2 protein chains.
Amino acid sequence: MHVLLEGVRQQIAEQKMDSIKPRKSLVEQTYEILLNAICTGELGPGERLTQDEIAAKLNVSRQPVNSAISILKANQLVADTGRRGVIVTPIDRDLFQSIYEFRSVIEPFAVRLAGMRLPESAKNHAGAILESGNAAVRSGDVGAMLQADIDFHEMIFRWSGNPVIENSMRINWHHIRRSMAVVLKDPDAALPVWKDHADIVDHLLAGDTEGATAFMHNHIEKAHSRSRTALEALEPSE
Amino acid sequence: MHVLLEGVRQQIAEQKMDSIKPRKSLVEQTYEILLNAICTGELGPGERLTQDEIAAKLNVSRQPVNSAISILKANQLVADTGRRGVIVTPIDRDLFQSIYEFRSVIEPFAVRLAGMRLPESAKNHAGAILESGNAAVRSGDVGAMLQADIDFHEMIFRWSGNPVIENSMRINWHHIRRSMAVVLKDPDAALPVWKDHADIVDHLLAGDTEGATAFMHNHIEKAHSRSRTALEALEPSE
DNA sequence: TACCCTTATTTCGTATACAAAATTCGGTAT
DNA sequence: ATACCGAATTTTGTATACGAAATAAGGGTA
């Protein structure tokens, strides 16, 4: 049924310890799998999640599935429906607007703070991110492009030195991914995005904080109107 | 042991249906009880949460407790400690600073939006909130004062018409409550707070959006410096 | 044929049970 | 007395089991 959920048991079984971290619990793994399925659209808006089905697919018991769904519910990614189980939250265009309205203030603010607190590693880090972004654009892989975009903006957030900014955006990224997976059909629009990113970094590294802030503001506004028109074209039902 | 947790079984047993809503699940109730215990300081920073103990105290099984803790973990209110269970996240003064830095931008922005989208019910709603705030100050109940303060700011957020703003602050309120429960020993400082609130509302209702925005910015800055000095006085260990 | 009432099936919420991991405690050897 | 090793105890994570609620199905009657 859901392709991405197939063969997950192997991943869980392998459990390669990529770090010191204790291996992730089944709850965390189940959460991440479901989150990803929702964000990529594999689990579509309105679709029902049945615990038995998911548990069987992942070869785990219903218990971790139940906990994972509790977290998804707390993050507004699924919603209670009357009495029986949960459904994937419908994609809400108004929410999308609100997220960009929010970003239009938060992202320039993050740039301004970043200008004051730029770490030494900034130049190297930025180079790597910009490179991976351009590589993603060349590859044409929409998922990779989205991830690179998120990575770029989270880099700015981290430079800002204010963890609350990154935290406040974490949930929003999920919703953005969900909408973008629908919107981002033509990758041609992705090229100017990375030109913007490079401009922002250049001005930041050159010490022109205010310039970089203005660039970021402009960048968000452009992204907003671009995706808005794409969404409207997609669903003409106003 | 923990007084606030006592007698909860009765609350759970009563289950008076105050609305159409299906009665809350044990997971939700457990989550709220634990959240409240953490925010009021009854469960102190660093304290360990043992599932058996909590389950026994609440007369429920470990299952809902486990799920509730998963959500607390996702909200950064408890943290994994090595291998055995979780502890209440230590109060982080830097996080507190970051929250106020964040608010210094978000709250004025919310006021600006509210000025553009003020609902008709605003006047009545504001009157009730301001009244309950002053009542809380008169009563001297620190918890009630905190709740009234949160209610006021959430009212502004709702007026802003942007749900992302309110969502992004939801977790922050928990941390603010936690720190404030420590700080707010002298309620004398609470009076000017509600003068500020009244000023903001007055200017908003009079159509002076920019004035209200400036008042809000000033209000947050004052609250920030006030609580910062209180915190520093409390823990001189810089 | 359409509607309603009764029964069967799904599916969730919660409790209980079991096994693995980690800590603590006690005993022995140096 | 101290350090180290092993058994007993805690405590968690996960699986299984059970009961309740809601939907779906089926049959009888108007």
Side-chain angles (χ1 to χ4, degrees), chain A residues 1-2 5 8-15 17 19-34 43 46-74 77-88, chain B residues 1-2 5 8-15 17 19-34 43 46-74 77-88:
Chain A
M1 182 185 185
H2 297 298
L5 296 183
V8 175
R9 188 58 185 132
Q10 287 72 7
Q11 297 175 24
I12 291 179
E14 287 174 9
Q15 284 290 13
M17 51 166 190
S19 73
I20 313 295
K21 285 278 179 186
R23 67 179 184 283
K24 287 181 189 159
S25 71
L26 294 188
V27 174
E28 291 174 78
Q29 294 179 75
T30 305
Y31 171 76
E32 283 170 16
I33 289 166
L34 290 177
L43 283 170
E47 195 160 342
R48 264 192 52 196
L49 273 65
T50 51
Q51 303 185 347
D52 275 325
E53 195 180 331
I54 295 167
K57 190 98 49 189
L58 267 52
N59 262 344
V60 299
S61 81
R62 258 183 52 224
Q63 154 86 4
V65 176
N66 191 5
S67 283
I69 287 179
S70 289
I71 301 174
L72 288 173
K73 212 188 303 181
L77 287 156
V78 300
D80 273 317
T81 162
R83 259 288 169 205
R84 186 110 135 238
V86 297
I87 60 170
V88 177
Chain B
M1 183 187 185
H2 297 299
L5 295 183
V8 176
R9 187 58 184 132
Q10 287 73 7
Q11 296 174 25
I12 292 180
E14 288 174 9
Q15 284 291 11
M17 51 168 187
S19 74
I20 313 294
K21 285 277 179 186
R23 67 177 185 285
K24 288 181 187 160
S25 70
L26 293 188
V27 174
E28 292 174 76
Q29 294 180 75
T30 305
Y31 171 77
E32 283 170 17
I33 288 166
L34 290 177
L43 282 169
E47 195 161 343
R48 263 189 55 193
L49 272 66
T50 51
Q51 303 184 349
D52 274 326
E53 194 180 331
I54 295 167
K57 189 99 47 190
L58 267 52
N59 263 346
V60 298
S61 81
R62 259 184 51 226
Q63 154 85 5
V65 176
N66 192 4
S67 283
I69 288 179
S70 288
I71 301 175
L72 288 172
K73 214 189 301 182
L77 287 155
V78 300
D80 272 316
T81 162
R83 259 288 169 203
R84 186 109 136 238
V86 297
I87 59 170
V88 177

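Proteins get letters first, then strands, A, B, ... in listed order; numbering begins at 1 in each. Note that the coordinates shown come from a computational prediction; the quantities given were computed from them, not determined experimentally.
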Does A:Leu34 reach the side chain of A:Leu43, with side-chain heavy atoms less than 4.5 Å apart? yes
Using a 4.0 Å heavy-atom cut-off across all strands, classify A:Leu49 as base, sugar-phosphate, or nothing. sugar-phosphate
Tabulate atom names and distances for all N/O pairs under 3.5 angstrom spanning the protein and nucleotides 5-7 of chain D.
none

Looking at the side chain of B:Leu26, which of D:dT14, C:dT14, D:dT11 is the nearest nucleotide? C:dT14
Tell me: CD of B:Gln63 to P of D:dT12, nearest whole Å? 14 Å
N/O donor-acceptor pair under 3.5 Å between A:Thr50 side chain and A:Asp52 backbone: no
Close side-chain approach of B:Val78 and B:Ile87, heavy atoms under 4.5 Å: no
Quick one: which of D:dT14, C:dT14, D:dT12 gets closest to the side chain of B:Val27? C:dT14
Taking atom P of C:dT10 as reference, at what distance in whole Å does atom CZ of A:Arg48 sit? 13 Å
Between the base of D:dG13 and the side chain of B:Arg62, is one N or O donor paired with an acceptor at under 3.5 angstrom? yes
Salt bridge (Lys or Arg N to Asp or Glu O under 4.0 Å) pairs, two or more places apart, involving residues 59-72 of chain B: none
N or O in side chain of B:Asn66 less than 4.0 angstrom from D:dG13 OP1/OP2: yes
Interatomic distance, B:Ile69 CD1 vs D:dT14 P [rounded to whole Å]: 14 Å
Answer yes or no: is there a side-chain heavy-atom contact under 4.5 Å between A:Ile54 and A:Leu49? yes
Which nucleotide sits closest to the side chain of B:Arg84: D:dT10, D:dT14, C:dG13? D:dT10
Rounded to the Å, how far apart are B:Glu28 CD and C:dT14 C1'? 14 Å
Within the structure provided, determine whether B:Asn66 and A:Gln63 are in side-chain contact (heavy-atom separation under 4.5 Å). yes
Can you check the A:Leu58 CG to D:dA15 C1' distance for me, whole Å? 15 Å
Short side-chain N/O contact from B:Gln51 to OP1 or OP2 of D:dG13, under 4.0 Å: yes
Residues which pass salt bridge (charged side-chain N to carboxylate O under 4.0 Å, His left out) with A:Asp80, listed by chain and number, not counting sequence neighbours: A:Lys73
With nearest nucleotide decided by heavy atoms, which residue, B:Asp52 or A:Ser61, maps closer to the 5′ end of DNA chain D? B:Asp52
To the nearest angstrom, how far is A:Asp80 atom CG from C:dT11 atom P? 17 Å
